[in-house]
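Worksheet: one structure, shown below.
Because the structure is predicted, anything quoted here is derived from the model rather than measured. One-based numbering, in listed order, for ligands and for the atoms of each.
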Amino acid sequence: SIATMAATIFAASAGSALADCDKGEIVIKFSHVVAATGHPKGDAATLLADRVNKEMNSKACMEVFPNSTLYDDDKVMEALLLGDVQLAAPSLSKFEAYTLKYRVFDLPFMFSKQAAFDKFTTGPKGKELLGAAAANGYQGLGYWFSGLKQFSAKKPLNVPSDANGMKFRVQTSDVAVAMIEAMGASAQKLAFKEVYGALQTGVVDGQENTWSNIYTQKFFEVQDGITETNHQVLAYLLVTSKEWLDGLPDDVRAQFLKIADEVTQTANAEVGKKETANRQNIINAGGVVREMTPAQRKTWVDTMKPVWSKFEADIGADLIEAAVSSND
Ligand code: LMR
């Protein structure tokens with residue numbers, strides 16, 4: 001029967017991270033698109049749920065839905081406003097419909113390492129940007145770093161011109177499109193859950209992502225290799241609806257925000273370790289990783305630099321300047 005089927009599906013998902021919510025507890029549903037474990041975001045979401053369920057027992061109850069099982073990153077933004085979920089963490093590249101300021105995070109070679117990203121996001125500009133989509137009803141609670149991005153493709157990529165004529169999957173970001181076009185390649189925006197299939201069937205020839213996504217989604221299995229370009233950050237906004245947050249009892253809101261803040265710091269401190277491990281996991285599983293010589297690296301930087309001026313007006317020169325100086 002349909003009831004039995006529903007019960008089976010429910011029981012299956014209960015095995016992962018579905019908490020037993022008691023009557024009267026505020027239910028916090030968190031939907032995301034990556035692997036449940038072994039990934040900076042998957043692990044951060046689990047840690048957040050574990051802490052909420054332990055420390056806020058009887059007041060709140062959190063359930064995590066990983067792997068695009070509930071929504072993709074476009075749909076989850078609507079679901080937040082409808083109150084179907086209360087938390088999400090889409091990448092900053094996916095906020096173009098709500099703010100153009102986050103384009104600063106997408107500029108190629110903007111942040112040379114996580115420390116620069118952390119310095120910018122914990123500084124005054126970063127804090128201000130948590131509310132960049134407030135007019136649309138969203139409130140950012142923190143930035144979750146995920147790593148630097150690498151290119152993978154069906155043919156060896158050593159310099160950008162090797163990508164001539166190829167098609168790359170990108171996130172829903174015009175900065176990414178401009179970057180791919182600067183390489184003489186074409187870009188196609190696709191939801192994350194579509195990427196593996198698109199690579200496998202040849203709908204696209206390549207993609208760009210972190211070691212953790214390339215490993216946990218098995219992209220390396222359907223690509224020739226991965227080029228270690230470190231060309232852009234992948235980071236998320238832990239985001240909720242303002243209406244939901246404002247509607248929480250004061251003590252519940254304060255406790256929840258404190259836990260979210262602590263989890264953000266703990267999770268961000270673990271990213272480097274997870275990324276290094278997943279890079280090695282790819283190699284151990286037979287994936288090819290191509291390191292760049294300084295001369296090859298320079299060709300990537302030079303090819304992508306013109307992208308900056310295209311988006312300067314949207315972002316604001318002051319913001320770009322602050323982000324650049326976080327590398328010092
Ligand atoms: C992507 O769409 O490639 C990433 O934003 C997925 C993710 O959440 O890491």
Original post:
With ring centroids as reference points, do Phe30 and Phe65 lie under 6.0 angstrom apart?
Top reply: no
Subject >> Option nearest atom 4 (C) of ligand 1 (shortest heavy-atom distance, choices Lys94, Glu194, Lys149, Lys189) >> reply: Lys94
Original post:
Can the ring centres of Tyr98 and Tyr138 be said to be less than 6.0 Å apart?
Top reply: yes
Original post:
Taking the six-membered ring where the residue is Trp, are the ring centres of Phe151 and Trp300 under 6.0 Å apart?
Top reply: yes
Subject >> For Leu234, atoms of ligand 1 separated by under 4.0 Å from a heavy atom >> reply: 5 (O), 9 (O)
Subject >> Neighbour count >12 (heavy atoms, 6.0 Å) for atom NZ, Lys119 >> reply: yes
Subject >> Donor on one side chain, acceptor on other, Gln150 and Asn230, under 3.5 Å >> reply: yes
Original post:
Where does Val195 meet ligand 1, judged by heavy-atom distances below 4.0 Å: at the side chain, the backbone, both, or neither?
Top reply: neither
Subject >> Protein residue, atom and distance nearest to atom 5 (O) of ligand 1, heavy-atom basis >> reply: Gln171 OE1, 2.7 Å
Original post:
Below 6.0 angstrom between ring centroids: does that apply to Phe145 and Tyr236?
Top reply: no
Original post:
For ligand 1, does Gln217 get within less than 4.0 Å through its side chain, its backbone, both, or neither, judged by non-hydrogen atoms?
Top reply: neither
Original post:
For ligand 1, is any non-hydrogen atom under 4.0 Å from Thr210's backbone (N, CA, C, O), its side chain (CB onward), both, or neither?
Top reply: neither
**OP:** Return yes when Glu208 approaches ligand 1 closer than 4.0 angstrom through a heavy atom, no otherwise.
**Re:** no
Subject >> atom 9 (O) of ligand 1: the protein heavy-atom neighbour that sits closest, reported with distance to 0.1 Å >> reply: Tyr236 OH, 2.5 Å
Original post:
So does Asp106 pair up with Lys94, basic N to acidic O under 4.0 Å?
Top reply: no
Original post:
What class does the angle between the rings of Phe111 and Phe117 fall in, given that below 30° is parallel, 30 to 60° is tilted and above 60° is perpendicular?
Top reply: perpendicular
Original post:
Applying a 4.0 Å heavy-atom criterion (strictly less than), which segment of Gln207 is in contact with ligand 1: side chain, backbone, both, or neither?
Top reply: neither
Subject >> salt bridge (Lys or Arg N to Asp or Glu O under 4.0 Å) partners of residues 120-135, not counting sequence neighbours, each pair once >> reply: Lys125-Asp318
**OP:** Would you mind listing which atoms of ligand 1 come within a distance below 4.0 Å of any non-hydrogen atom of Val34?
**Re:** 7 (C), 8 (O), 9 (O)
Subject >> Heavy atom of the protein closest to atom 6 (C) of ligand 1 (residue, atom name, distance) >> reply: Phe192 CD1, 3.5 Å
Original post:
Just by distance, with hydrogens left out, do Gln86 and Ser241 show a side-chain donor and acceptor under 3.5 Å apart?
Top reply: no
Subject >> Close-contact set for ligand 1 against Asn213 heavy atoms, below 4.0 Å >> reply: 6 (C), 7 (C), 9 (O)
Subject >> Close N or O approach (Asp73, ligand 1; < 3.5 Å) >> reply: no
Subject >> Residue list, salt bridge (charged side-chain N to carboxylate O under 4.0 Å, His left out) with Asp250, at least two apart or on another chain >> reply: Arg253
Subject >> Heavy atom of the protein closest to atom 3 (O) of ligand 1 (residue, atom name, distance) >> reply: Arg169 NH1, 2.7 Å
**OP:** Please say whether His39 places an N or O atom under 3.5 Å from an N or O atom belonging to ligand 1.
**Re:** no
Original post:
For ligand 1, which atoms have a heavy atom of Ser91 less than 4.0 angstrom away?
Top reply: 5 (O)
Original post:
Nearest to atom 8 (O) of ligand 1, what protein heavy atom do you find, and at what distance?
Top reply: Lys41 NZ, 2.6 Å
